[in-house]
Amino acid sequence: MDCIFCKIIKGEIPSKKVYEDENVLAFHDINPRAKTHIVVIPKEHIESAAAIDAQNACAAANVFTAIPKIARELGLENYRIINNCGEGAGQTVFHIHFHLLGGDLRDF
Ligand code: 5GP
Ligand code: ZN
C-alpha cells in the first residue's frame, strides 16, 4: 500500500518521533504550522475519520489516550487537536491523523 504514514510506521521514511506505543505513533510535522506541531496516528491504516466504525473505533480511542501523555511530555498546557476529514477539508494524507498544535494559538 502506498501510504506515507504506513511507511513512517515501518521506518521506511524517517521522522522525528516524539511518542510510540503498540498502537500509536507521533512525530513532528514536516511543515509545522505552529510552534509545536505533532502528527498523531494510529498504527492501523484507516483512511479518514469518515471510515471510523464500531469495529475500529479503538484506534481513535488509542490516539486520544496517547495525546495527553504526548502533551505532558512536550510541556504543553494548552493545545489544539485538528482532524481534516476529506480532500475538501484539507486532508492530504489518507491515513487518519490528528494534528496536535501547541504554542500560543489565540490568533490562529
Ligand atoms: P493533512 O493535510 O492530511 O491534514 O495533514 C497531513 C500532514 O502531514 C501535513 O501537515 C504535512 O505537512 C504532513 N506530512 C506529509 N508528509 C509528511 C512526511 O513525510 N513526514 C512528516 N513528518 N510529515 C508529513
Ligand atoms: Zn497508512
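In listed order, ligands and their atoms are each counted from 1.
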Point to revise | Side chain, backbone, both or neither: Ile4 near ligand 1, heavy atoms under 4.0 Å | key: side chain
Check your understanding: Aromatic ring centroids of His97 and His99 under 6.0 Å?
Key -> yes
Check your understanding: In the protein, what heavy atom is nearest to atom 3 (O) of ligand 1, and what distance, to one decimal place, separates them?
Key -> Thr92 N, 2.7 Å
Review point. Under a heavy-atom criterion of less than 4.0 Å, does His97 contact ligand 1?
Key: yes
Exercise for review: Considering only non-hydrogen protein atoms, determine which one is nearest to atom 15 (C) of ligand 1 and report residue, atom name and distance to 0.1 Å.
Suggested key: Val93 CG2, 4.1 Å
Review point. Going by an N to O cut-off under 4.0 Å, is there a salt bridge joining Glu20 and Lys43?
Key: yes
Point to revise | For atom 24 (C) of ligand 1, closest protein heavy-atom neighbour | key: Ile30 CG2, 3.5 Å
Exercise for review: Please report which non-hydrogen protein atom sits nearest to atom 10 (O) of ligand 1, along with the residue it belongs to and the distance in Å to one decimal place.
Suggested key: Arg33 NH2, 2.2 Å
Review point. For atom 8 (O) of ligand 1, which candidate among Phe98, Phe27, Phe5 provides the closest heavy atom?
Key: Phe5
Review point. Do Asn56 side-chain atoms and Cys58 backbone N/O form a donor-acceptor pair below 3.5 Å?
Key: no
Point to revise | Under 3.5 Å: donor-acceptor pair, side chain of Arg80, backbone of Leu100 | key: no
Point to revise | Distance from atom 11 (C) of ligand 1 to nearest protein heavy atom, with residue and atom | key: Asp29 OD1, 3.4 Å
Practice item. Check whether any side-chain heavy atom of His95 lies under 4.5 Å from a side-chain heavy atom of Ile4, and answer yes or no. Key: no
Check your understanding: So which heavy atom on Glu44 is nearest to which on Ala59, and how close?
Key -> OE1-CB, 3.8 Å
Review point. Taking non-hydrogen atoms only, is His28 closer than 4.0 angstrom to ligand 1 via side chain, backbone, both or neither?
Key: backbone
**Study point:** Winner among His99, Gln91, His95 once heavy atoms are compared against atom 4 (O) of ligand 1
**Key:** His99
Review point. Does Gly90 come within less than 4.0 angstrom of ligand 1, counting non-hydrogen atoms of the residue?
Key: yes
Review point. Angle at the Zn ion (ligand 2) between SG of Cys6 and SG of Cys3, to 10°?
Key: 120°
Exercise for review: Name the orientation class of the two ring planes belonging to Phe5 and Phe27 (parallel below 30°, tilted from 30 to 60°, perpendicular beyond 60°).
Suggested key: perpendicular
Exercise for review: Test Leu76 against every option in Thr36, Ile67, Ile38, Ile70 by the side-chain contact (heavy atoms from CB on, under 4.5 Å) rule and name the one that passes.
Suggested key: Thr36
Check your understanding: Just which atoms of ligand 1 are under 4.0 Å from any heavy atom in Asn31?
Key -> 12 (O)
Check your understanding: What angle sits at the Zn ion (ligand 2) between ND1 of His95 and ND1 of His45, to 10°?
Key -> 100°
Practice item. Would you check if the side chain of Gln91 reaches a backbone N or O of Glu47 as a donor-acceptor pair within less than 3.5 Å? Key: yes
Review point. Going by heavy atoms, is Ile8 under 4.0 Å from ligand 1?
Key: yes
Review point. Counting only heavy atoms not in Glu87, do more than 12 fall under 6.0 Å of its CD?
Key: no
Check your understanding: Counting only heavy atoms, which portion of Asn84 has something under 4.0 Å from ligand 1: side chain, backbone, both, or neither?
Key -> side chain
